[in-house]
Protein chains: 2
Amino acid sequence: MSGEQEFLDSYDPGAFAPVAVTVDVVALTIRDGRLHVLLVERGGHPFAGWRALPGGFVQEETLDAAALRELAEETGLRPGQGVLDRVHLEQLRSYGDPGRDRRMRVVSVAYLAFAPSLPDPRAGGDASGAFWVPVDEVGELAFDHAVILADGLDRARAKLEYTPLATAFVGDEFTIAELRAVYAAVWGEELHAGNFHRKVLSVPGFVESTGETATRAGERGGPKPRLYRAGDARLLHPALLRPTREDGVR
Amino acid sequence: MSGEQEFLDSYDPGAFAPVAVTVDVVALTIRDGRLHVLLVERGGHPFAGWRALPGGFVQEETLDAAALRELAEETGLRPGQGVLDRVHLEQLRSYGDPGRDRRMRVVSVAYLAFAPSLPDPRAGGDASGAFWVPVDEVGELAFDHAVILADGLDRARAKLEYTPLATAFVGDEFTIAELRAVYAAVWGEELHAGNFHRKVLSVPGFVESTGETATRAGERGGPKPRLYRAGDARLLHPALLRPTREDGVR
DNA sequence: TTAATAGTGTCTTTCAGACAATATTAT
DNA sequence: ATAATATTGTCTGAAAGACACTATTAA
């Protein structure tokens with residue numbers, strides 16, 4: 001047909017070496033107040049035995065679906081209902097330098113996932129070899145995955161500022177202190193409790209009150225905190241800016 | 001070799017349909033105070049005769065290089081020196097829905113380019129069929145390029161807020177009024193001249209004075225404005241926020 | 001009882017935005 | 001001369017950050 005003919009004529013045949021497209025997922029969660037990333041241990045070459053981001057080849061599906069599928073496979077969680085549907089998933093960026101995979105030209109579309117504390121992947125059964133690692137204890141990674149992880153962390157830190165994404169790390173109902181712990185874990189610095197509390201409540205649509213109060217206070221005392229759920233805002237106005245980092249990356 | 005063997009074993013052969021990887025470029029510039037995007041007219045099927053974003057297949061090169069090459073080819077500009085080196089180019093995101101190209105599975109890595117006013121592509125000689133179109137006069141586009149363009153415009157509008165990217169749209173030396181015209185064109189609304197002026201000068205590293213003054217004032221009178229060049233800041237602190245859009249996308 | 005936390009109040013500083021004023025230049 | 005523009009000044013309100021205070025609860 002003419003469409004195919006045109007297609008065949010429209011590019012330099014010698015330049016069209018076979019290309020593979022994969023997705024890699026930077027899945028982040030918070031455990032014990034620390035930010036963790038989901039890693040797998042590679043079985044085969046290259047980088048056999050190295051840690052890597054979960055990922056795989058794109059099949060007959062959208063890129064988003066491929067990322068969700070890979071995440072489900074590695075965590076052993078079932079899509080359709082349950083925890084996996086509350087995972088926030090967004091495209092990060094693509095990596096396609098020639099030589100980033102020695103086997104062939106591979107363009108990887110990286111995704112960023114934010115999840116509430118998930119069960120340990122080992123418990124999932126067949127999905128072994130995947131585990132949550134504190135982001136500050138991640139050593140070397142296979143391929144260019146260290147770069148992808150760094151980009152993902154940058155994005156995550158930035159998005160906490162101007163989106164309500166921190167709520168993706170906590171349960172349906174949460175306290176302001178839990179939300180503050182998310183910011184502390186992702187940004188790596190403590191936030192002033194009083195100012196944070198007032199700020200969160202003052203941003204329209206960030207959180208809404210459930211009217212309920214937690215049945216139990218913290219382990220070390222204090223009043224029973226009120227419970228909130230995520231609001232309907234998609235952007236935070238005004239934003240919740242990070243404590244002034246060294247002003248302006250120059 | 002074993003690496004290849006592992007590779008062949010590591011995926012479902014039936015699922016690995018051939019994939020093509022392309023780059024598409026959303027190239028933006030400002031002409032006559034209006035934001036324009038570079039479009040080409042497609043020669044062959046599908047979408048013959050339709051307008052589309054410039055783009056093409058990735059060759060043996062990085063994705064960034066592919067985007068720059070496509071931009072050079074379509075504008076007729078030479079890389080290596082000159083205007084093309086002052087173009088800001090950044091990856092936008094990737095688009096890979098099955099069926100977005102009826103011929104085969106095509107994953108496109110979209111790029112966003114900001115350029116100072118460039119010569120008309122037609123003048124370039126061999127690179128015909130490319131032209132600058134005001135973004136508010138772009139009709140339907142081939143494939144999913146309308147979505148890509150919309151995403152690119154969103155990104156551009158957002159980046160003006162917290163990066164000094166507006167300087168990529170003007171020459172080496174510019175006046176505050178020229179910079180203000182960039183914001184007005186991209187955001188689609190006028191900004192208060194006095195407040196904008198003070199704001200730009202107050203953000204550290206946004207612009208630096210050349211010490212010079214323009215040789216000529218505006219066409220309708222006024223003092224000769226001072227000249228500035230881009231500063232060394234990569235982020236604007238504090239940011240230059242858009243006039244309050246409808247608060248928070250809910 | 002002690003220590004820690006939740007939630008609120010207050011004050012200072014910074015900044016955005018409205019508005020005004022003055023000097024300068026093309027027409 | 002007129003009108004438009006560049007630049008600076010002033011004022012108000014919003015908001016961030018520092019700090020203090022009270023009430024509440026686990027141990």
Side-chain angles (χ1 to χ4, degrees), chain A residues 33 160-162 170 173-184 187 189-228 233 235-245 247-248, chain B residues 33 160-162 170 173-181 183-184 187 189-204 206-207 209-228 235-245 247-248:
Chain A
L160 285 202
E161 290 195 325
Y162 58 94
V170 294
E173 301 196 341
F174 52 86
T175 67
I176 302 294
E178 287 174 326
L179 203 57
R180 179 160 49 85
V182 171
Y183 279 89
W187 285 349
E189 44 192 328
E190 294 305 317
L191 300 181
H192 186 284
N195 290 339
F196 181 85
H197 193 278
R198 185 191 9 239
K199 170 68 182 176
V200 167
L201 295 185
S202 75
V203 176
F206 191 0
V207 300
E208 60 183 33
S209 174
T210 65
E212 308 286 310
T213 295
T215 57
R216 175 97 166 68
E219 292 185 352
R220 286 173 293 237
K224 292 174 184 161
R226 299 173 195 161
L227 291 175
Y228 298 84
L235 292 174
L236 304 185
H237 281 295
L240 214 158
L241 297 179
R242 256 172 287 193
T244 34
R245 359 156 197 181
D247 229 36
Chain B
L160 284 202
E161 290 195 326
Y162 58 93
V170 294
E173 300 197 341
F174 51 87
T175 68
I176 303 295
E178 287 173 326
L179 204 58
R180 178 161 49 85
Y183 278 88
W187 284 350
E189 45 192 327
E190 293 304 316
L191 300 181
H192 186 284
N195 290 339
F196 180 86
H197 192 277
R198 178 159 11 99
K199 170 68 182 177
V200 167
L201 295 186
S202 75
V203 176
F206 191 0
V207 300
S209 174
T210 64
E212 308 286 309
T213 296
T215 56
R216 176 94 167 68
E219 292 185 353
R220 285 172 294 239
K224 291 172 184 163
R226 298 174 195 158
L227 291 175
Y228 298 85
L235 293 173
L236 302 184
H237 281 295
L240 214 158
L241 298 178
R242 258 172 287 192
T244 35
R245 357 153 201 189
D247 228 35

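If you're wondering where the values come from, they're calculated on a predicted model, not measured in any experiment. No hydrogens, no waters, no symmetry mates; every other heavy atom, side chains included, goes into these values. To find a chain, count down the sequence lines: A is the first, B the second, and so on, and within it residues start at 1.
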Inter-residue atom distance [X].[atom1] - [Y].[atom2], 0.5 Å rounding:
| X | Y | atom1 | atom2 | answer |
| --- | --- | --- | --- | --- |
| B:L240 | B:L191 | CG | CG | 7.5 Å |
| A:F174 | A:Y228 | CZ | OH | 9.5 Å |
| B:E161 | B:R242 | CD | CZ | 4.5 Å |
| B:Y162 | B:L236 | OH | CG | 10.5 Å |
| A:E178 | A:E173 | CD | CD | 10.5 Å |

- Message: Please compare B:N195 and B:R180 by the position of their nearest nucleotide in DNA chain D and report the one closer to 5'.
- Response: B:R180
Can you figure out which of [options] approaches the side chain of [X] most closely?
| X | options | value |
| --- | --- | --- |
| B:R226 | C:dC15, C:dG7, D:dT8 | D:dT8 |
| B:P238 | C:dG7, C:dA16, D:dT8 | C:dA16 |
| A:P223 | D:dA16, C:dA6, C:dA23 | C:dA6 |

- Message: Classify A:A177 by what it touches in the nucleic acid, base, sugar-phosphate, or nothing, heavy-atom distance under 4.0 Å.
- Response: sugar-phosphate
- Task: Using a 4.0 Å heavy-atom cut-off across all strands, classify A:A239 as base, sugar-phosphate, or nothing.
- Result: sugar-phosphate
Would you kindly give the [atom1]-to-[atom2] distance between [X] and [N], to the nearest whole Å?
| X | N | atom1 | atom2 | value |
| --- | --- | --- | --- | --- |
| B:F196 | D:dG9 | CZ | C1' | 19 Å |
| A:L241 | C:dC15 | CG | P | 12 Å |
| B:L201 | D:dA6 | CG | C1' | 11 Å |

Would you indicate, yes or no, if [N] has its OP1 or OP2 atom less than 4.0 angstrom from a side-chain nitrogen or oxygen of [X]?
| X | N | answer |
| --- | --- | --- |
| A:H192 | D:dG17 | no |
| A:R216 | D:dA27 | yes |
| A:R220 | D:dA26 | no |
| B:H197 | D:dT7 | yes |

- Message: Can you tell me whether the side chain of A:R198 and the base of C:dG7 have a donor-acceptor pair closer than 3.5 Å?
- Response: no
